[in-house]
Structures are given as C-alpha cells and as structure tokens.
Amino acid sequence: MNRYVIDRAALDGNVRQVVALAGVPVMAVVKANGYGFGLTEMALACKRGGITRFAITELDDVAPLRAVLDEGDDVLVMRSTALADEAAAIVRSGCIATVGSRAAARALDEAAAAAGAVARCHVKVDTGFGRYGFLPDDVEGVLACYACENLRVEGVYTHFSAAYGDGALTRSQLAALEGVCAAVEAAGFSAGVRHAANSPALFNVPEAKLDLVRIGSAFTGRVITLAPTGLTRVGYLEAQVIDVKTLPAGSPLGYGGAAQVKRETQVAFVSAGTQEGFGLAVEKPPTLRGALSTAKGAAQKRRLEVVIGGRAYPVLGEADLSLTLVDVTGGDVQAGALARLDPSPLMVGRNVPRVYV
Ligand SMILES: *Cc1c(COP(=O)(O)O)cnc(C)c1O
C-alpha cells in the first residue's frame, strides 16, 4: 500500500532550525494539509518547537487545528474575504482575519457588529503579488480599517512574489510595506505587528524578518534559496513494485505509443503515479537562475527517478495516474520490492496515508 513517510525527528530538527534562525516569533503556515504533512501533525511539530502562532487559508481547517492548539494560540486566516458568511464564520471562530480590501473590511465590520464583537484582524498590503491586499497607494483604505470601531487591527503584512530569487524585487516590496506602515503611524495609529517574510525570504533577505516571519515550506526542508539552508529534506512516497516484465526492443510505451524502448528492457510496475503527486511539475522558480537552468530542469524532468533497493532507476515515459513504469534493466528487482518516490508533499493526494516514523 502506498504511504507518505515522514521522519518526525528530522521535521522537529527543521522547526528548531527555523525558530533559531528567525530570532523573531515564527508564525507556522499550515495551509494545504500542513504542506502535505497532515494539518494536525505539522501543527504539533511546530508546537513542540515552541511556536504559538499559526496561519491557514481555509476555514474548514479551523476546527481540527484548534483541537490540537492551546487556548491562547493565535490563528490567522490569510484569505481576505468580502463574503458575509465567511466573515461571520471568522468572527465566530475567534481567529484573526485578514483584511485586504474595503469590501472585506465592510464585511468583517458588519459581521463583528452583528455578533456584538470586535474582530481581530491584520491588514494585507499587495506590494506586487496581485492577489489579496490594499495597493500601497490606497493609504486611505488602510487607515479606514484602523479607524473602524468594530475592527481591532493588530498587524499589517504583505506576501513576497519572488523571494526565492530576485532580492531587488523583494526589497522593493518590503519598502512598499514599510511606506504604508509609516503612513499609518503618521496618522496616529500603531501599525501593530509587521510581517512579510516567507521561507525563502527568511534565508535570502534577512532584513525582511521585521516583527514576525510566516513559515511553511522550510519546515519540510523543501525551500528554494540562493545558498544551501542546512535543512533536511523530509518526506518520501513509498510504493511497491507490483510486477516486472521484459519488453523487446522497439516496444511502444503508453497511450498512442508516445514513447518506445530502444533496447530490450526490464520494466518494473510501481504502484503510484500522478494521483499520488509523482511526476507533477514542482519547485521550478521562474527566476533568472531558473531560466538559466531551464535546460537542466527539462533534463531533470526526463530523468525522473524511482529508488528501489537503494538504487535509483529512470522512469520510462511519463508517470501514469496510479502507475509508473521504471527501467530496472540490469538490476535485481522483484515484485514486492519497496520503491521510494520524491513528489512534492503538497501534491500527494489526501488518499495516501501519512506515516510518521
Ligand atoms: C504560503 C504562504 C506563506 C508561507 O510560504 P513558504 O514560502 O512556504 O514559507 C506565507 N505567507 C502567505 C501569505 C502564504 O500564502
């Protein structure tokens, strides 16, 4: 049976390393099923590392997350929403809302008023992502949040669009956030907790740490940075060789015979494919560095590998939905052998059990 295997000690080590490097409070981003490591397991690993602030995108995650947190732990909902029902649910949940537009501020304000509550929130500034957030020149919209009776703005943040590579772009985004903070303070408000850094920024742009860093991928050890991080790459997909057969030279492979084997080939059938997240494109930064290594990236894609019995074998053709053909010619691979695959954990379907060892 397929399973995604996670080394708990290695994960804990990554959490400790991130906390030590940050030097400011760490907010653990546990979206997308805790980066594929399981929402509650990832949250608990962060708790063991002393983290008390968490961030999610989906309201469905609030209840299971709350069940493993302490009473006073903070949960930030990073989705800014102008939907009345979502705003009401955030107010009821006791989470910290994100307000990224005037409509979202209005929805949250009305939800708080209806509940007879004051809604805790952080203001989001869009400094170049094009997603949630007030544009940096909409200072008036930001100030309206701070002035709103039913909102308590406790922080202000932005999200970097290219912190894995382009330091100049990241620094300009940081400056835009700081400009908004200065305008808030000049208007007589306290801006609150200022935050911007995600995992790559923590490593690549140290001045972006501000008052708090929001970290997700670094916990898994899968973060794109300019220099090696020292983190451990955690997690692998374990599948099984379900059968082995010999294909004569020239045999077609796959739908439409898109590929062919050039020589007589021993083929192992491995019980996992794109449905388990294997063979899907990931971790490809569209940076200068990325552009330079595009050829290398394409080569890497061609060289998709599966490890069986400690030896790496090339994948034949493309991974199928739930099956991958592996060229094990010259190896001693039998049905029943365990295979290790390295998909991004984010892509590993929720049907695959996560197993901590
Ligand atoms: C996903 C996310 C993060 C965490 O990013 P990593 O690079 O995985 O650390 C931080 N902030 C926001 C707004 C996010 O959506």
Side-chain angles (χ1 to χ4, degrees), residues 11 14-15 17-19 21-22 24-39 42-43 45-46 49 51 53-59 61 65 74-81 90 95-101 104 121-134 155-167 169-170 173-174 176-177 193-206 208-226 229 231-235 282-287 290 344-348:
L11 176 60
N14 284 349
V15 172
Q17 189 183 330
V18 163
V19 168
L21 177 65
V24 294
V26 174
M27 176 179 277
V29 179
V30 292
K31 66 187 180 192
N33 194 26
Y35 279 71
F37 279 34
L39 171 65
M42 182 60 113
C46 293
I51 293 172
R53 295 167 174 82
F54 295 83
I56 54 170
T57 57
E58 305 306 310
L59 286 171
D61 285 345
L65 179 59
D74 277 335
V75 178
L76 173 69
V77 179
M78 297 191 297
R79 159 186 288 172
S80 167
T81 177
I90 294 170
C95 294
I96 302 170
T98 292
V99 177
S101 71
C121 60
H122 287 199
V123 166
K124 181 86 180 274
V125 182
D126 171 14
T127 59
F129 215 129
R131 301 202 307 206
Y132 305 126
F134 289 93
V156 53
Y157 73 106
T158 193
H159 192 42
F160 294 138
S161 55
Y164 44 75
D166 191 337
L169 177 56
T170 301
Q173 288 190 260
L174 187 59
L177 177 68
V193 179
R194 301 162 312 143
H195 50 114
N198 53 359
S199 296
L202 171 66
F203 290 90
N204 291 342
V205 191
K209 288 185 203 173
L210 302 180
D211 301 328
L212 175 80
V213 294
R214 300 187 311 274
I215 301 299
S217 57
F219 298 135
T220 70
R222 295 156 180 272
V223 50
I224 297 159
T225 53
L226 300 174
T229 60
L231 297 168
T232 305
R233 189 179 180 86
V234 183
V282 282
E283 297 174 22
K284 254 194 288 167
T287 59
S344 162
L346 282 167
M347 302 287 184
V348 178

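Ligands are counted one by one from 1 in listed order, and the atoms in each one are counted from 1 as well.
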| Distance-minimising heavy-atom pair for V18 and F219 | CG1-CE2, 3.9 Å
Side-chain donor-acceptor contacts of residues 29-36 below 3.5 Å, not counting sequence neighbours, with atom names and distances?
{"residue": "N33", "atom": "OD1", "partner": "L39", "partner atom": "N", "Å": "3.2"}

| task | Determine the interplanar angle of the H195 and H122 rings, folded into 0 to 90°, and report it as parallel if under 30°, tilted if 30 to 60°, perpendicular if over 60°. | result | perpendicular
| task | Can you tell me which residues line ligand 1 if we count any heavy atom under 4.0 angstrom from one of its atoms, in chain and number order? | result | V29, K31, Y35, M78, H159, N198, S199, P200, R214, I215, G216, S217
| Who pairs with S217 by side chain to side chain donor-acceptor pair (under 3.5 Å), at least two apart in sequence or on another chain? | S199
| said: Using only atom types and a distance under 3.5 Å, with no angle test, would you say the side chain of Q17 pairs donor to acceptor with the backbone of A218? | reply: no
| request: Identify, with sequence neighbours excluded, every residue that meets side chain to side chain donor-acceptor pair (under 3.5 Å) alongside T220. | output: none
